[in-house]
Amino acid sequence: MRKKIKILAFAGSLREHALSKRVLKTAIKGATRAGAEVTYVDLRDYPMPIYNLDDHEKNGFDEHALKLQGLFTQHDGFLIATPEYNGSLSAALKNAIDWVSRPSDLYPRSAVFTGKFAAMMASSPGSLGGVRSLSHLRGVLTSISVNVLPQEIAVPFAEDKFAGDDEEMIDETMKVRLEELGDLLVEMLKKTHGHGE
């Protein structure tokens, strides 16, 4: 039996009930239904300092960054949701990528990102849905040799897509689109990795 597709899912917001986390969890349902094993991680569980090469060389690789790097290495692809902060991705998301993309004693950079696939989504309370952050995130991921699906979703007026802080999306049209994005990532990984369910 072929190995199951493994996807790492994470959002760029540190807020407990962040819209990006709830949007991400909707896409996760589609990936799971398509047969993938999805690992959801919260960046709040991996606190790490702003990347500084001097500190890295003096103090070694941050322990939380190393744990996160291990998770990235063990998965075939990524589901990534970003909020939009001042027209770009969040500092927490960029910092996590900066740390994880650095070679460590345990994981070479090529094992972490190179040739893997990612699907992106963004959300915001406003009318643009965080779309500007997606182009920035795509640029960052492409620069570290991640293949980013051309399909991407920006969720506008995201607060209206949920009832209070509930995680279940009440906008059925957007819910279907997000689940389809998760499914698309799985199907791409099956084609490129020769994995089954």
Side-chain angles (χ1 to χ4, degrees), residues 7-32 34 36 38-46 68 72 75 77-101 113 116-189:
I7 292 172
L8 186 67
F10 54 99
S13 177
L14 301 179
R15 293 177 57 222
E16 183 178 358
H17 299 294
L19 293 167
S20 57
K21 291 178 181 176
R22 290 183 276 164
V23 165
L24 174 67
K25 288 177 180 178
T26 305
I28 287 173
K29 292 177 181 177
T32 302
V38 182
T39 303
Y40 168 77
V41 294
D42 191 325
L43 293 183
R44 292 190 309 168
D45 296 329
Y46 299 87
L68 196 58
F72 274 72
H75 289 77
F78 314 111
L79 275 173
I80 309 172
T82 179
E84 184 176 284
Y85 292 174
N86 296 321
S88 188
L89 62 158
S90 69
L93 179 55
K94 180 61 165 58
N95 191 51
I97 293 171
D98 288 344
W99 265 109
V100 173
S101 66
F113 287 116
K116 295 187 178 181
F117 284 78
M120 307 184 308
M121 64 214 82
S123 58
S124 83
S127 60
L128 296 179
V131 68
R132 292 173 296 182
S133 65
L134 287 172
S135 62
H136 290 195
L137 179 57
R138 182 179 293 276
V140 170
L141 294 172
T142 302
S143 75
I144 52 177
S145 302
V146 174
N147 301 301
V148 186
L149 296 189
Q151 299 88 350
E152 61 185 32
I153 297 177
V155 183
F157 307 115
E159 289 177 330
D160 300 336
K161 307 290 191 287
F162 301 91
D165 289 334
D166 287 356
E167 292 188 350
E168 187 68 27
M169 183 170 278
I170 57 176
D171 184 312
E172 288 299 322
T173 300
M174 183 59 71
K175 181 178 178 180
V176 169
R177 287 187 62 206
L178 287 163
E179 290 178 352
E180 286 177 346
L181 183 66
D183 180 274
L184 277 171
L185 178 60
V186 176
E187 293 309 312
M188 177 60 74
L189 289 170

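Between D98 and K94 a salt bridge is recorded (basic side-chain N to carboxylate O distance below 4.0 Å). Taking 4.0 Å as the cut-off between side-chain N and carboxylate O, K29 and E167 do not count as a salt-bridged pair.
Considering all non-hydrogen atoms of both residues, A154 and L128 come closest at CB-O, 3.8 Å. Looking at every heavy atom in both residues, T82 comes nearest to S20 through C-CB, 4.2 Å. Between A122 and G130, the closest heavy-atom pair is CB-O, 3.4 Å. Nearest heavy-atom pair, F117 versus L189, reported as atom, atom and distance to 0.1 Å: CB-CD2, 3.9 Å. Counting all heavy atoms, side chain and backbone alike, S13 lies closest to R15 at OG-N, 3.2 Å. A pairwise comparison of heavy atoms in P83 and S90 identifies CG-CB, 4.1 Å as the closest pair.
Side-chain atoms of R22 never come within 3.5 Å of backbone atoms of M169 as a donor-acceptor pair (strictly under, hydrogens ignored). No side-chain donor-acceptor contact under 3.5 Å links Q151 to the backbone of L181. In this structure, the side chain of K161 does not engage the main chain of V23 through any donor-acceptor pair within 3.5 Å. Judged purely by atom type and a 3.5 angstrom limit, S143 uses its side chain to pair as donor or acceptor with the backbone of V140.
Within the model, atoms CH2 of W99 and CG of L68 stand 11.5 Å from one another, a figure rounded to the nearest 0.5 Å. Taken from CD1 in I7 to NZ in K116, the straight-line distance is 12.0 Å, to the nearest 0.5 Å. Atom CG of D42 is separated from atom NZ of K21 by 3.5 Å, given to the nearest 0.5 angstrom. Separation of atoms OG (S135) and CD (E152) is listed at 8.0 Å; rounding is to 0.5 Å. With rounding to the nearest 0.5 angstrom, the CG atom of L137 is 5.5 Å from the CG atom of L93. Between the CD1 atom in I170 and the CG atom in D160 there is a gap of 8.0 Å [rounded to 0.5 Å].
Within a 6.0 Å radius of CG in N86, no more than 12 heavy atoms belonging to other residues, nucleotides or ligands are found.
The shortest side-chain heavy-atom distance between S127 and F157 falls under the 4.5 Å cut-off. Side-chain contact check for L19 versus P125: some heavy-atom pair is nearer than 4.5 Å. Put simply, the side chain of N95 does not reach to within 4.5 Å of the side chain of L43, judged on heavy atoms. Using a 4.5 Å heavy-atom cutoff, the side chains of M120 and L149 are not in contact.
Each of L79, L134, V155 was scored for a side-chain contact (heavy atoms from CB on, under 4.5 Å) with M121, with one residue passing: L79.
Under the 30°/60° scheme for interplanar angles, the aromatic rings of F78 and F72 are found to be tilted.
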